[in-house]
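Taking it in order: structure first as structure tokens, then the write-up.
Just so it is clear, the values below take in all heavy atoms, side chains as well, and ignore hydrogens, waters and symmetry mates. If you read the sequence from its start, that first residue is 1, and numbering goes on from there. Everything quoted here is computed from the prediction, not taken from an experiment. Counting convention: from 1, in listed order, for ligands and their atoms alike.
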Amino acid sequence: MSLPDLIIRPRRLRSSAAIRRMVSETSLSAADFIYPLFVDEGIDEPIAVNSMPGVSRIPVSKVAETVREVEALGIPGIIFFGIPAQKDAIGSGGWDDHGVVQQAIREAKAACPDMCVIADTCFCEYTDHGHCGVLDGEDVDNDATLANLQQEALSYARAGIDVIAPSGMMDGMIAAIRSALDDEGFTNVLIMSYAVKYASAYFGPFREAADCAPSFGNRATYQMDPGNRREAIREATLDSDEGADFLIIKPALAYMDIIREVKEATLLPIAVYNVSGEYAMVKAASEKGWIDEKRVVLETMLSFKRAGADLILSYHALDVARWLNEDK
Ligand code: PBG
Ligand code: ZN
């Protein structure tokens with residue numbers, strides 16, 4: 001038995017930590033992250049979210065302190081989800097200038113003017129039926145919802161928002177919001193579109209956190225079918241053409257192929273949403289001691305970047321920033 005004359009040796013490029021660092025293709029930094037925050041108008045003290053260990057709903061009075069903590073870790077952005085004290089059939093709390101997200105935006109910008117403040121812009125937290133817009137029978141009325149989205153975006157803009165992030169998957173939502181903002185002089189407010197959002201079981205824990213589970217049916221007439229790939233390119237292209245500044249793909253982990261394909265189809269920055277169910281699975285397995293939480297989370301985040309993500313919305317963001325600091 002003899003060895004081949006020539007063995008090509010890729011292992012040479014892995015032979016020391018210094019060389020591995022020199023040839024590393026992908027890196028993670030705190031600047032890659034956006035941290036989601038749940039702000040509840042009806043509470044005075046934080047309330048832990050059961051299915052998301054380490055995540056709490058916070059009162060408006062804790063927003064400033066929390067945003068300072070995020071900023072101190074080097075994370076450049078936060079995204080607000082609001083839980084209003086009152087809900088109604090159309091979600092009118094969403095465009096109340098004194099609503100919970102509007103209050104949170106003012107607190108955040110006053111405490112940390114340099115923080116990029118993003119608002120999830122939808123109605124499922126504000127409607128008493130939990131759907132993402134105005135109902136027409138059992139379905140969501142697209143165009144009636146667009147008019148309300150314009151009001152909601154303008155109200156957030158008046159409160160000082162930096163970025164509007166519409167998440168309801170309504171047709172024409174980017175064009176509608178862009179024109180409303182521009183008409184009122186908010187030409188510098190950005191739009192981060194949830195352009196590619198699947199009807200996913202991975203949103204389960206979030207619906208507890210944000211109190212927004214639909215009271216009947218599901219979101220399959222507006223969110224995408226998980227089997228569809230070409231439709232993702234179509235949605236991304238439409239939102240880009242309508243004037244979105246960033247595109248979000250959501251969920252992330254089960255949709256890595258979509259991240260790569262959308263990245264290749266657009267020149268806009270891509271954000272991926274590492275959603276509540278993805279977070280809950282990692283937390284549960286690490287609480288049981290079955291996986292190494294830090295290594296699994298850092299590997300997963302790196303993989304989102306490798307797949308094409310420029311930004312990552314994640315409940316792990318604070319931990320990741322701490323881990324990156326301690327490893328320096
Ligand atoms: C609301 C919204 C949802 C999420 C973000 N915005 C829930 C949904 O569509 O049901 C999910 C986030 C997560 O699971 O972490 N439109
Ligand atoms: Zn919604």
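Residue Y273 places a heavy atom less than 4.0 Å from ligand 1.
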(message) Would R260 and D257 count as a salt bridge (charged side-chain N to carboxylate O under 4.0 Å, His left out) here? Give the steps.
(response) CA-CA 5 Å; R260 171 50 48 190; D257 55 329; over 6 Å; no

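T187 and D182 share no side-chain donor-acceptor pair at under 3.5 Å.
Here the side chains of F123 and W95 are in contact, with some heavy-atom distance below 4.5 Å.
Distance from atom 14 (O) of ligand 1 to its nearest protein heavy atom, with residue and atom name: S276 OG, 2.7 Å. Distance from atom 11 (C) of ligand 1 to its nearest protein heavy atom, with residue and atom name: K250 NZ, 2.8 Å.
I118 pairs in a side-chain contact (heavy atoms from CB on, under 4.5 Å) with only one of the listed residues (L37, L313, I78, V163), which is V163.
Residue S167 has at least one heavy-atom neighbour below 4.0 Å for each of these atoms of ligand 1: 1 (C), 6 (N), 16 (N). In the vicinity of C122, heavy-atom distances shorter than 4.0 Å reach the ligand 1 atoms 16 (N). Close contacts between ligand 1 and K197 involve ligand atoms 1 (C), 2 (C), 3 (C), 6 (N), 8 (C), 9 (O), 16 (N) [criterion: under 4.0 Å to a heavy atom]. Atoms of ligand 1 found under 4.0 Å from any heavy atom of Y315 (numbered from 1 in listed order, with element): 12 (C), 13 (C), 15 (O). Those atoms of ligand 1 that come under 4.0 Å of a heavy atom in F81, given as number and element, are 5 (C), 6 (N). Heavy-atom contacts of C124 reach the following atoms of ligand 1: 1 (C), 16 (N) (cutoff under 4.0 Å).
Among the atoms of H131, no N, O or S atom is found under 2.8 Å from the Zn ion (ligand 2). The Zn ion (ligand 2) has C132 among its coordinating residues (N/O/S atom, backbone or side chain, under 2.8 Å).
Between Y156 and F80, the distance separating the two ring centers is not shorter than 6.0 angstrom. Not less than 6.0 angstrom separates the ring centroid of F33 from the ring centroid of H316.
Of all the heavy atoms in V100 and Y126, the pair that sits closest is CG1-OH, 4.1 Å. Nearest approach of C132 to T145, heavy atoms of both residues: O-CG2, 3.7 Å. The two residues Q103 and E41 have their closest heavy-atom pair at NE2-OE2, 3.6 Å.
The shortest N or O to N or O distance between Y194 and ligand 1 is not below 3.5 Å. Of the N or O atoms in E125, none lie within a sub-3.5 Å distance of an N or O in ligand 1.
When Y198, Y222, F206 are ranked by how near their heavy atoms come to atom 3 (C) of ligand 1, first place goes to F206.
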